[in-house]
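Contents: one structure, followed by commentary.
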Amino acid sequence: MRIFVVNGPNLDMLGKREPTIYGADTLDSINAELSQLCSDMGIDVSFFQSNSEGELIDIIHSAREEADGIVLNAGAYTHYSIAIRDAISAAEKPCVEVHLSNVHKREEFRHKSVISAVCEGVICGFGKDVYRLGILALYSKLK
Ligand code: DQA
């Protein structure tokens with residue numbers, strides 16, 4: 001089983017960026033933990049991060065041929081990128097939307113996701129655990 005873990009804009013700043021909201025862990029340390037989890041579970045995982053919408057779209061497209069599923073934190077693009085939504089649809093692979101913070105407890109503009117309707121499900125509000133939970137959810141769906 002092959003899974004892509006994809007992070008969008010500003011998530012390369014984890015650890016430095018608003019740690020009271022997003023936690024103190026860096027993206028590299030989160031990915032190292034996920035890498036260990038996936039190796040224990042026999043999952044082949046690849047990690048991507050980009051601040052560019054177009055690059056994220058290319059990565060999601062490549063999942064069509066190269067992955068069985070996607071765990072995606074699209075960052076702020078979640079709230080307005082129809083192009084990323086269309087890329088998820090085009091990939092035709094199950095996608096789990098994740099957010100470190102509980103977006104529903106925050107500003108109103110974060111309450112709306114334009115990608116949820118093309119994702120299998122949404123996990124938010126549990127800090128870095130959302131990535132692990134997203135992988136477990138995909139695993140249950142795909143196995
Ligand atoms: C986020 C929530 C988004 O609203 C925000 O723009 C992010 C991170 C999260 O992980 O909580 O960049 O996706």
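Whatever order the structure lists ligands and atoms in, that order sets their numbers, starting from 1.
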Is it true that a side-chain atom of H111 and a backbone atom of R106 form a donor plus acceptor pair closer than 3.5 Å? yes
Connecting only ILVMFWY residues whose side-chain heavy atoms lie within less than 4.5 Å of each other, what is the rest of V122's hydrophobic cluster? none
Which N or O atoms of ligand 1 sit under 3.5 Å from a protein N or O, and how far apart is each pair?
from	atom 1	to	atom 2	distance (Å)
ligand 1	4 (O)	H79	NE2	2.7
ligand 1	4 (O)	R110	NH1	2.9
ligand 1	6 (O)	A76	N	3.2
ligand 1	6 (O)	R110	NH1	3.1
ligand 1	10 (O)	N73	ND2	2.9
ligand 1	10 (O)	L100	N	2.8
ligand 1	11 (O)	L100	N	3.3
ligand 1	11 (O)	S101	N	2.9
ligand 1	11 (O)	S101	OG	2.6
ligand 1	12 (O)	R17	NH1	3.2
ligand 1	12 (O)	R17	NH2	3.1
ligand 1	13 (O)	N73	OD1	2.8
ligand 1	13 (O)	H99	ND1	2.8

Whether the side chain of R64 engages the backbone of A90 through a donor-acceptor N/O pair (distance < 3.5 Å, no angle test) should be reported. yes
Just checking, any donor-acceptor pair under 3.5 angstrom between side chains of E97 and S113? yes
Side chain to side chain donor-acceptor pair (under 3.5 Å) against R110, all qualifying residues, sequence neighbours excluded: E107
For E33, all residues meeting salt bridge (Lys or Arg N to Asp or Glu O under 4.0 Å), sequence neighbours excluded: K128
